[in-house]
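Below is one structure, written out as structure tokens; comments come after it.
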Amino acid sequence: MHIHARPASATDLDAIWAHDLAQHDWPTEWRDGSIRENESGMAQTFVIFNGEDPIGCGTLCFSPECDDIGGRMQLADGKTVAQIVGLRIDKPYRGKGHVSALVKQMEDYAREKGYTKLTIGVEVKDTTPLTIYQHWGYTQFVLGCHEDGDPQATLYFAKTL
């Protein structure tokens, strides 16, 4: 098993979205938005592979115009603050450090691009990721809000790079 991650090419994006849409009942608009944001430079997706098979991913949103940011400059301002969104990995690969390594790679990439702070969000009801994010250093509270009419709040935390 050769697990590795890299910034996604257009071919990688097609592969991870084909993989994800086959496993989940997600709207194709999510794929289209992700591809558009990557092509425009507003975001950069990273894909985790097992050999040549995509098994997970995560995206750095740089622009407040990204769908996941919704204009909230404190989450991504296009200059010094970016947000990590959409971290996911297939169940058989969870708990083995692959996502932690991916986040480290994303942090290094953001730092190289001149970003000094990254943000990440977690739903209040989902305490496991919160513990992990805090372990990674995302401990600076940024804001809490309700997303898309969801009665559960989402909390956002930051880490200075």
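The shown structure was predicted, so the numbers you read here are calculated from the model rather than taken from an experiment.
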Subject >> Thr139 OG1 to Tyr133 OH distance, which is reported to the nearest 0.5 Å >> reply: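 Between Thr139 OG1 and Tyr133 OH, I get 14.5 Å after rounding to 0.5 Å.
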**OP:** Measure the spacing between CD of Gln134 and NZ of Lys159 and express it to the nearest 0.5 Å.
**Re:**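 That separation rounds to 13.0 Å.
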Original post:
Would a distance-only check, ignoring hydrogens and angles, find a side-chain to backbone donor-acceptor pair under 3.5 Å from Asn38 to Ser34?
Top reply: yes
**OP:** Look only at the side chain of Glu37 and the backbone of Asp67, and say whether a donor-acceptor pair between them is shorter than 3.5 Å.
**Re:** yes
**OP:** Identify the heavy atoms of Arg72 and Cys145 that sit nearest to each other, and give their distance.
**Re:** NH1-SG, 3.3 Å
Original post:
Between Val122 and Pro129, which heavy-atom pair has the shortest distance, and what is it?
Top reply: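 Reported closest heavy-atom pair: CG2-CB, 3.9 Å.
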Original post:
Any salt bridge between Arg36 and Asp32, counting N to O under 4.0 Å?
Top reply: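 Looking at Arg36 and Asp32, the cut-off is not met.
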Subject >> salt_bridge(Arg31, Asp20) N-O dist < 4.0 Å >> reply: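 Asp20 and Arg31: not salt-bridged.
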**OP:** Sort out for me which residue in Asp108, Leu118, Thr80 forms a side chain to side chain contact (heavy atoms under 4.5 Å, CB included) with Leu161.
**Re:** Leu118
**OP:** State, yes or no, whether a side-chain contact exists between Cys61 and Met42 at a heavy-atom distance under 4.5 Å.
**Re:** no
When you check the side-chain N and O atoms of [X] and [Y], is any donor under 3.5 Å from an acceptor?
X	Y	answer
Asp14	Thr11	no
His19	Asp90	yes
Gln74	Thr119	no

**OP:** Run the numbers on Ile48 and His4 for side chain to side chain contact (heavy atoms under 4.5 Å, CB included), then give the verdict.
**Re:** CA-CA 6 Å; Ile48 305 170; His4 62 283; over 6 Å; no
Original post:
Are the ring centres of Tyr115 and Tyr109 closer than 6.0 Å?
Top reply: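 Here the rings of Tyr109 and Tyr115 have centres that are no less than 6.0 Å from each other.
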Original post:
Passes side chain to side chain contact (heavy atoms under 4.5 Å, CB included), Val99 versus Lys104? Steps please.
Top reply: CA-CA 9 Å; Val99 174; Lys104 172 81 170 82; over 6 Å; no
**OP:** Would you sort out whether Gln44 and Thr59 count as a side-chain hydrogen bond (donor to acceptor under 3.5 Å, both in side chains), showing the intermediate values?
**Re:** CA-CA 6 Å; Gln44 176 62 60; Thr59 298; over 6 Å; no
**OP:** Could you walk me through whether Phe49 and His2 pass the side chain to side chain contact (heavy atoms under 4.5 Å, CB included) test, one step at a time?
**Re:** CA-CA 8 Å; Phe49 292 90; His2 176 64; over 6 Å; no
Original post:
Can you say whether the rings of His24 and Trp26 are parallel (under 30°), tilted (30 to 60°) or perpendicular (over 60°)?
Top reply: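 Geometry flag for Trp26 against His24: parallel rings.
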**OP:** Evaluate the side chain to side chain contact (heavy atoms under 4.5 Å, CB included) criterion for residues Tyr138 and Val103: first the C-alpha distance (whole Å), next the side-chain angles of each, then the deciding distance (0.1 Å), finally the verdict.
**Re:** CA-CA 11 Å; Tyr138 292 83; Val103 168; 4.2 Å; yes
**OP:** Report, as yes or no, whether the 6.0 Å neighbourhood of atom CD on Glu65 holds more than 12 heavy atoms from other residues, nucleotides or ligands.
**Re:**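 Atom CD in Glu65 is not packed in, count stays at 12 or less.
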